[in-house]
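Notes follow the structure.
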Protein chains: 2
Amino acid sequence: MYSIGQIARRTGIKVPTIRYYEQMGLIDPPGRSAGNQRRYDEAGLERLGFIRHARALGLSIDMIRDLISLAQDKEMPCDRAHEIAAQHAAHIREKIARLQRLEAELTRIENSHDSGTVGDCHVLAALTDHSQCMSEH
Amino acid sequence: MYSIGQIARRTGIKVPTIRYYEQMGLIDPPGRSAGNQRRYDEAGLERLGFIRHARALGLSIDMIRDLISLAQDKEMPCDRAHEIAAQHAAHIREKIARLQRLEAELTRIENSHDSGTVGDCHVLAALTDHSQCMSEH
DNA sequence: CTAATGTCTCTAGCAGCTATAGCTTCAAGA
DNA sequence: TCTTGAAGCTATAGCTGCTAGAGACATTAG
């Protein structure tokens with residue numbers, strides 16, 4: 001049996017975050033000690049590892065809750081899990097594309113030199129005038 | 001003179017967001033009509049355009065406030081503006097790199113096929129077992 | 001047994017909005 | 001001029017995913 005602090009150290013998730021995940025319904029409320037402190041078993045540890053990894057990959061709390069609930073029954077088809085992963089991957093790819101467009105704009109702005117005073121600062125001008133942009137954002 | 005709704009339509013910023021920017025100190029409180037409604041002039045319109053563009057490029061409210069305050073005096077050097085832009089560009093590049101690592105992991109997970117049941121679902125397995133990952137995240 | 005550390009609950013705060021409620025004002029048509 | 005419907009006002013709460021604090025109680029090492 002692990003205390004919440006031990007679990008925190010082993011998973012790398014902070015103590016208040018673990019309590020937050022419990023509140024959000026991502027982990028089952030664990031047993032308690034005589035003095036009302038949370039006591040976790042191996043299953044709790046594994047569950048938190050799963051959550052941590054999923055969060056690190058950018059999955060939302062809601063997606064993780066879905067994945068956990070469908071992982072309950074080992075016999076069920078897992079199409080939905082694949083779907084969630086694919087959806088998320090698509091979302092990430094969109095984000096990357098968007099950021100790359102921003103990055104291109106910022107690089108262009110960065111590289112345009114000016115006389116060094118606010119009056120003709122190209123950074124400020126570029127921000128004021130959207131029509132200078134090479135792509136949508 | 002424009003009402004807040006006209007400004008919203010012209011800038012593409014929603015009405016409550018404009019009020020929020022005012023509260024955050026990004027725009028000067030505009031004049032008011034006899035009945036206490038906000039009335040904007042061209043300067044207000046331009047300022048909001050600047051903010052919209054800066055936000056679209058991902059700059060934070062704080063950064064934008066800085067940029068606005070240093071843009072007040074046309075004679076001042078604008079090194080700080082360049083610095084803010086460069087800092088932000090670096091930040092975006094980091095974000096892109098991070099997302100690309102995630103994307104690689106997700107693609108790997110997506111492409112690993114399994115028998116289709118939760119019991120040996122590769123998506124769930126990959127999420128449970130961080131050691132399968134090819135890079136840090 | 002004591003002192004230090006850990007844990008408990010509850011509440012509030014972060015960013016950047018968005019939504020709602022209950023009210024007042026404005027503008028256009030009859 | 002009156003009316004009606006849209007638009008505006010303020011104030012407050014909610015969203016995501018945590019994080020930080022207060023004040024009280026539990027556990028554990030020495």
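The sequence lines fix the lettering, A, B, ..., with proteins before strands; numbering per chain opens at 1.
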**Report entry** Rounded interatomic separation in angstrom, taking CD from Q6(B) and C1' from dC26(C)
**Finding:** 11 Å
Requested in this report: Please state whether the phosphate of dT7(C), meaning OP1 or OP2, lies under 4.0 angstrom from any side-chain nitrogen or oxygen of S33(A).
Outcome: no
Query - Non-neighbouring partners of E103(B) that pass side-chain hydrogen bond (donor to acceptor under 3.5 Å, both in side chains), sequence neighbours left out - result: R93(A), T107(B)
Query raised in the report: What pairs of residues pass the salt bridge (Lys or Arg N to Asp or Glu O under 4.0 Å) test when at least one of them lies in residues 25-46 of chain B, not counting sequence neighbours?
Result: E22(B)-R38(B)
**Report entry** nucleotides 9-18 of chain C: protein proximity per nucleotide (B base, S sugar-phosphate only, - neither; heavy atom, under 4.0 Å)
**Finding:** B------BBS
Query - Partner residues of D129(B) under the side-chain hydrogen bond (donor to acceptor under 3.5 Å, both in side chains) criterion, sequence neighbours left out - result: S131(B)
Query - Contacts of type side-chain hydrogen bond (donor to acceptor under 3.5 Å, both in side chains), residue D79(A), not counting sequence neighbours - result: none
Query - Summary of side-chain hydrogen bond (donor to acceptor under 3.5 Å, both in side chains) pairs that have at least one residue in residues 64-73 of chain B, sequence neighbours excluded - result: D62(B)-R65(B)
Query raised in the report: Rounded to the Å, how far apart are M1(B) CE and dG8(D) C1'?
Result: 16 Å
Query - d(CE, M24(A); P, dT16(D)) in whole Å - result: 9 Å
Query raised in the report: Which whole-number value in Å describes the distance from R39(A) CZ to dT28(D) C1'?
Result: 11 Å
Query - Contact under 4.0 Å: S3(B) side-chain N or O vs dA7(D) OP1/OP2 - result: no
Query raised in the report: Any sub-3.5 Å donor-acceptor pair from E105(A)'s side-chain atoms to L102(A)'s backbone N or O?
Result: no
